[in-house]
Amino acid sequence: MRFNEKELVFLSRQPSERAAELGMRGPKKGDVVKRRQVKLIVNFLFYFRIDEDEPIGALLLEQCRVEKEDNHAFSIVFLDEAERKYLFECDSQEQCVEWIDAIVKASYEFMRKNLIHYRTEIHRLTGKDPLEQYGISDETRFQVNSGLPPLPPPPT
Amino acid sequence: MLFYFEERESREPIGVIVLEGCTVELCESESEEFAFAVKFDCVKARVYKMAAENQAAMESWVKALSRASFDYMRLVVKELERQLEEVQEEARSSQAKNKMKKQVQAAASVQPATFSLQNAAITGPVQEGVSSRENGVSWSKPTSVPNGVSEGCVWEGDCSGKGDGVRPPPVPPRRKTNGGSLESPVSPGTGCFSKLHDWAVVARIQHDRESNGHHGWQ
């Protein structure tokens, strides 16, 4: 599938939510851990070779699950390819927890759910829809029942 | 993200345009009516030109595309978060006031729950002052409260029709901001937030003069 690479590269140069050098292992068999510069920008996780300007790749952080792994590490798996795990090794437990939190909150889906929650609460407390004055109350993405299906529960 | 497919029934997209950081504009074209373009700020970026089937569809697409970015969503969430905190704070403080008033106002027929809720709704716009005037509503001070206790809160809405004047009148529906006013009636500080909705600003006619050989219509 084609994508607008130039614009994505441009995006990867913008100020990030969080950036650090981490150990990263790809999902394929035989992949080993390599040091990468990892940058969280909006709902993308860009990764670069150390001291390189252009990212080697990016993960779109939607429909994915982030999990704590042993030894200050976390993993990201995607809904449609649950066996493909991206592993990230941090320098400390604290850093690991912070990254997990940041990634969970980075998705568009997470923001959407928050928005709907605030909208519902404000409406409940005031009887008014806060989106109405901005003319966006009918947008599909802001409706309570729309949106992507929830992720299946993690395998036990 | 804007996914594009070969055909309506295609299951997989041919490609995707990441919309973060883009601007959307109307554009003039000899071959297509209702044309618009997605542009980016970066050097050598492609311009993605598209055309809708009618005016309404075009306007709808331009609106949707200009509100697709993460930044926009973040702004909306922050704004609602702030509003909710405000509303919750009002509800908390008016409940505290209400407890005092209850003790003094023995004969009042006010239902505490609705009273504080109404207060929560009222004190917000009252502080701005502007919107209720525009609604053509007359102010009425709570002098009709039986024991003369005045909290200093002003009733919004028509009080004259009510029998006892104590029961809070229904709050009139909030008026929609029209294009002319860029200030949000909710809070003056969100002026630029309202601007995002003034998408008419992007309706500039532009000739296509891209220098980097884009492919044309998609």
Side-chain angles (χ1 to χ4, degrees), chain A residues 1-17 40-44 46 54 58 60-63 80 105-142 147-148, chain B residues 1-4 12-22 38 40-46 48 63-64 67-71 73-74 76-88 90-91 117-118 120-121 124 131 170-171 173-177 184-186 190 193-194 196-197 199:
Chain A
M1 187 167 73
R2 283 184 238 145
F3 61 96
N4 52 336
E5 187 172 324
K6 283 207 184 73
E7 290 82 1
L8 255 186
V9 171
F10 182 67
L11 182 62
S12 78
R13 297 207 174 106
Q14 303 316 305
S16 66
E17 186 68 33
L40 177 63
I41 298 175
V42 295
N43 53 351
F44 281 99
F46 291 99
E54 217 174 89
L60 174 65
L61 302 168
E62 301 291 339
Q63 292 285 286
D80 52 354
K105 291 179 175 158
S107 77
Y108 193 90
E109 189 57 26
F110 180 85
M111 276 205 302
R112 204 185 64 86
K113 288 201 176 107
N114 269 338
L115 189 150
I116 290 175
H117 165 75
Y118 292 138
R119 182 189 187 184
T120 312
E121 269 306 285
I122 293 173
H123 186 262
R124 184 178 73 81
L125 289 174
T126 67
K128 278 181 271 187
D129 175 7
L131 297 186
E132 208 179 279
Q133 61 186 304
Y134 303 117
I136 55 178
S137 43
D138 289 336
E139 288 196 10
T140 310
R141 56 182 166 160
F142 298 141
L148 301 164
Chain B
M1 302 193 140
L2 187 63
F3 292 92
Y4 49 97
E12 280 213 12
I14 330 173
V16 60
I17 303 169
V18 175
L19 296 168
E20 208 60 41
C22 76
V38 175
F40 291 86
D41 222 0
C42 62
V43 175
K44 285 196 187 167
R46 276 184 63 153
Y48 298 88
K63 254 197 255 195
R67 293 172 186 165
S69 73
F70 212 79
D71 270 346
M73 193 67 162
R74 240 197 301 243
V76 178
V77 173
K78 274 213 169 70
E79 171 62 16
L80 290 201
E81 190 176 26
R82 194 196 56 78
Q83 278 187 38
L84 182 60
E85 272 169 32
E86 217 171 63
V87 167
Q88 284 169 338
E90 291 298 342
L117 265 183
Q118 286 291 354
S131 46
V171 180
R174 190 186 291 276
R175 226 173 59 122
K176 273 192 185 165
T177 332
S184 158
V186 174
T190 50
F193 177 67
S194 297
L196 279 177
H197 297 272
W199 67 275

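Per chain, numbering begins at 1; letters A, B, ... match sequence-line order.
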For this session: Would you give the length of the straight line joining atom CD of B:Gln88 to atom CG of A:Leu125, rounded to the nearest 0.5 angstrom?
Result: 6.5 Å
For this session: Count the heavy atoms belonging to other residues, nucleotides or ligands that lie under 6.0 Å from CG of A:Asp80, then report whether that count exceeds 12.
Result: yes
Problem set entry | Atom group of A:Ile122 that falls short of 4.5 Å from chain B, counting heavy atoms | both
Problem set entry | Reported CD1-to-CZ distance for the pair B:Ile17 and A:Arg2, which is rounded to 0.5 angstrom | 10.0 Å
For this session: Would you give the length of the straight line joining atom CG of A:Leu11 to atom CG of B:Leu19, rounded to the nearest 0.5 angstrom?
Result: 11.0 Å
For this session: Go through A:Asn43, A:Leu131, A:Asn114 and name the one with the most non-hydrogen pairs under 4.5 angstrom from chain B.
Result: A:Asn43
For this session: In sequence, state the C-alpha distance, the side-chain angles, and the governing distance for A:Glu121 and B:Val87, and then conclude on side chain to side chain contact (heavy atoms under 4.5 Å, CB included).
Result: CA-CA 10 Å; A:Glu121 269 306 285; B:Val87 167; over 6 Å; no
Seminar exercise, completed: Rounded to the nearest 0.5 Å, the CG atom of B:Leu80 sits from the NE2 atom of A:His123 at a distance of 13.0 Å
Problem set entry | CA sep, side-chain torsions, deciding dist, call: B:Gln83, A:Lys128, side chain to side chain contact (heavy atoms under 4.5 Å, CB included) | CA-CA 12 Å; B:Gln83 278 187 38; A:Lys128 278 181 271 187; over 6 Å; no
For this session: Looking only at non-hydrogen atoms, find the nearest pair between B:Ala68 and A:Tyr108 and report the distance.
Result: O-CE1, 4.0 Å
Exercise. What heavy-atom pair brings B:Glu79 and A:Tyr134 nearest, and what distance separates the two atoms?
Worked result: OE2-OH, 3.4 Å
Exercise. Are more than 12 heavy atoms from other residues, nucleotides or ligands located less than 6.0 Å from atom CD of A:Gln14?
Worked result: yes
Seminar exercise, completed: Okay, A:Leu115 and chain B: the region with an atom under 4.5 Å from a heavy atom over there is both
For this session: For the pair A:Met1 and B:Val16, evaluate side chain to side chain contact (heavy atoms under 4.5 Å, CB included) and give the outcome as yes or no after the intermediate values.
Result: CA-CA 7 Å; A:Met1 187 167 73; B:Val16 60; 3.9 Å; yes
Seminar exercise, completed: Among B:Lys78, B:Met1, B:Glu20, B:Met73, the residue with the most heavy-atom pairs under 4.5 Å to chain A is B:Met73
For this session: Specify the closest pair of heavy atoms between B:Val77 and A:Met111, including all atoms of both residues, with the distance to one decimal.
Result: CG2-O, 3.6 Å
Problem set entry | A:Glu17, CD: over 12 other non-hydrogen atoms inside 6.0 angstrom | no
Problem set entry | Structural part of A:Ala58 lying under 4.5 Å from a heavy atom of chain B | neither
For this session: Working to the nearest 0.5 Å, report the span between CD of A:Glu7 and CG of B:Asp41.
Result: 11.0 Å
